Amino acid sequence: MSTKYEKEAPSYTMTTVMEEAARCLLCHDAPCSKACPAGTDPARFIRSVRFRNLKGAAETIRENNAMGAICARVCPTEKYCELACSRTGIDCPIDIGGIQRFVTDYEEQEKMDILRKGDSNGLSIAIVGSGPAGLQTAATLLQKGYAVDIYEKNEKAGGYLRYGIPEYRLPDEIVDVEINRIVNLGAEIKYSVTIGKDVTMADLKADHDAVVVAVGASEAKMLPMFEGNPYVETAVDFLARVKEAKGDIDNIPASAVVVGGGDVAMDVATTLKRLDVKNVTDLVYEEFDEFKASKKELDATQKAGVTIVDGYVPTDVDGNTVTFKHRHLDSEMTIKTDLIILAVGQQVNTDNLGVDTDHGEVQHSGYKTDDEKVFFTGDIAQGDKTVVWAVRKGKEVAEEIDQALLGGNK
Amino acid sequence: MISKDLSVEFLGVHFENPFLLSSSPVDNCYEMCAKAFDEGWGGVVFKTIGPKHFKINEVSPRFDELTKEGTPFVGFKNMEQIAEHSLEENLHDLRHLKDDYPNKVVIASIMGTNEEDWETLAQLVTEAGADMIEMNLSCPQMTSHEMGSDVGTNPELVKKYCAAVKRGSDLPMMAKMTPNITDMVPAAKASMAGGADGIATINTVKSVANIDLDRKVGLPIVNGKSSISGFSGKAVKPIALRFLQQLRTAAGLEQLPISGIGGIETWQDAAEFILMGATTLQVTTSVMQYGYRIVEDMKNGLMHYMEDQHVEHLSELIGVANKNIVPAEDLDRDYKVYPKIDWDKCIGCGRCYISCFDGAHQAITWDIKTRRPSIDTSKCVGCHLCNLVCPVGAITTGEVVMKPGTKGNPEDVQIESSRLTHPVQ
């Protein structure tokens, strides 16, 4: 059992959260509250903390976001609310994610039951996929009085939350808690069912008033030169394998090379360090000034001791030996390693789901398809591919369904 | 979002919630009161209206604050007197507030210099449509000694002026008391004898908050000088609660209706005032610091508290704590409680050691190598100063022991306390 892999950073205590909340300037027309893609109102919940109303703070977070405890942990807040924070004019922004984590932990500790199921309107919606977008869609619809069935191809619900984000950033237990809230609201989750294979879209449409395709970009991309190479594993497979084993995996390599520069690559590299892999080298196509990973993830990765080399692309591989060349400079390096992990992006698979995607996205805005019964959301909808955006898209598709079926009325 | 009925009945008037702006700079015109109503306040005690002949002329600047470490507004000093708008303007505003907000409670605060003033003002605000009158017998910074706290400390004048107000109006009336007095009971009883229906307290505490060290003048400096004036905010809450307790436990005043005032900022403060006998709650200082919006968390937090306490109406909580505050001679002095240190939480800062040695009974020993404190029960008197200074909540109440020569079972002693047995985590 690898406790180093599982260990989440410590949270605030009542005393320290109050100290952090006391740093908040309680701004007029607070910029933080305009900066969240999911519509979170940090100014409101931090003010509640400041005035010792933790339950009110929990209500503010939860009523807006069914993934509140998850976003608190994984959201790249430095791009949104914390970027907007006025406190930056004095020193550094308020740790909004940290305060949100404290409040949602308190919500769970007090067993608060904030979301309420709406009065039944007799309509039933099927959701394909139980990632964050599917879950938020379910939560919003249930509050509006719809019955919701979620179809999940895996044995457990949560999608990338469950299988992708490492335990030390997002404990399984938190994912369980958030999903249980939605199940308690009335969602039925049907596991190990692949729509388009085990059950057809036609069947789903026959049984429900609408179907929402919320499949994420769950399949790993492969670079042709690495195909069939026994030293190569995709980031998706690696992260799922480690998370499922809670870090207790066999044959921990002495060294590893990660290819990729997004948040997933950072998670892979940091996970490797937490598994005590001595030499972890991450080679990134982008140069530092064009990096894709969030600053927070990049910093944490460097702090974990990962060597990050920017501007290099793999040009040749021979078994466990990879050659990289710099994109602009006349520079080449060859690394021999025990494990090569590709974190070069993910792709969607919408086969037989009645949704056309190109480059992983439906090529029009909104959440409707030509079939009036079929909607889509999550990664395949336009917009960012983060949890906070999944929440936004989940809420928006639910509103669109409600408009379409009931004209937005109860 | 939780939703519970916060309404209260006070002096025969229905309040949708107990939160009122107190008579002060925060409600000195229609626009301010209207915004406060829109943001959820249950009522206002409109800034004190004086007689036509008394002219208000304020100083500039007029406020100061007490700080401690990084915390601003621990207390607030204010030199402003009563409403500076004309009598006509104030009456006009009262009338329009009542027209536009019929479900909110508009209380007129008034202050005169003699019986005639009081009676006339009472008549005028009644005609303007106020729901209730509050007599300001307590402002400590008036430029006339015939007004404010100089009156409120004189029970004879208090009674006379209360009677004058009652001659001028049939409205329910509360007398606002000053804390600048050793015993508030005689003044409160005098006001009731004069016809008051309830008491509002406390007004501000006379103060000099800070001295400018270079200029050797109190703050704020008004052209080289300063004055004693009223102090308010969190720092005065304990003084306010003490007066509430003394009023509610005085013979004949056990059911005294009180509008509680003094440092209310959170729902917890509000709940404390209610438990100590207040039915309505008045707020200024925290509004001056943070704005009317603070009422949102006070209301919501109070609803959650009611839910936790399984209470349907706030009236069930009024004065519940009064009976548990008894004279010092009636406390159980037969036992002591030793503190207990949680080694897993202790971070080895040594603050408990310092405070115990320098401020208590030298009962904590300090291991210089391990940086760990331990309790020497042969010296410990169970004062729990260590609990209060511990920054991580590692010290709680531990074993109860009976003092030599006393009877009783330690297990029967009630030591449960949110502060001591469950310090904030």
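Numbers restart at 1 for each chain; the letters A, B, ... are given by sequence-line order, proteins then strands. Every heavy atom of this structure was used, including side-chain atoms; hydrogens, water molecules and symmetry mates were not. A quick note: this is a predicted structure, and the numbers were derived from the prediction, not measured.
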Option in B/T71, B/D269, B/D308 with maximal non-hydrogen atom pairs under 4.5 Å from chain A: B/D308

Nearest 0.5 Å please: distance from the CZ atom of A/R50 over to the OG1 atom of B/T266. 12.5 Å

B/R351, CZ atom: more than 12 neighbouring heavy atoms under 6.0 Å: no

Highest number of heavy-atom pairs under 4.5 Å with chain B: which of A/A22, A/S48, A/A58? A/S48

With a 4.5 angstrom heavy-atom cut-off, is it the side chain or the backbone of A/R116 that approaches chain B, or both, or neither? neither

How long is the span from the CE atom in A/M112 to the CD atom in B/E307, to the nearest 0.5 Å? 9.0 Å

Between B/Q268 and chain A, with a heavy-atom cut-off of 4.5 Å, which part of the residue counts as in contact: side chain, backbone, both or neither? side chain

Could you tell me the separation between the CH2 atom of B/W267 and the NZ atom of A/K55, rounded to the nearest 0.5 Å? 8.0 Å

Against chain A, residues from residues 285-298 of chain B with at least one heavy atom under 4.5 Å, in numeric order, are B/Y290, B/R293, B/I294, B/E296, B/D297

How would you list, in number order, the residues of residues 166-183 of chain A that have a heavy atom less than 4.5 Å from chain B? none

Minimum heavy-atom separation for A/E59 to B/I2, with atom names? OE2-N, 2.9 Å

Among A/M18, A/R47, A/E110, which has the most heavy-atom pairs under 4.5 Å with chain B? A/R47

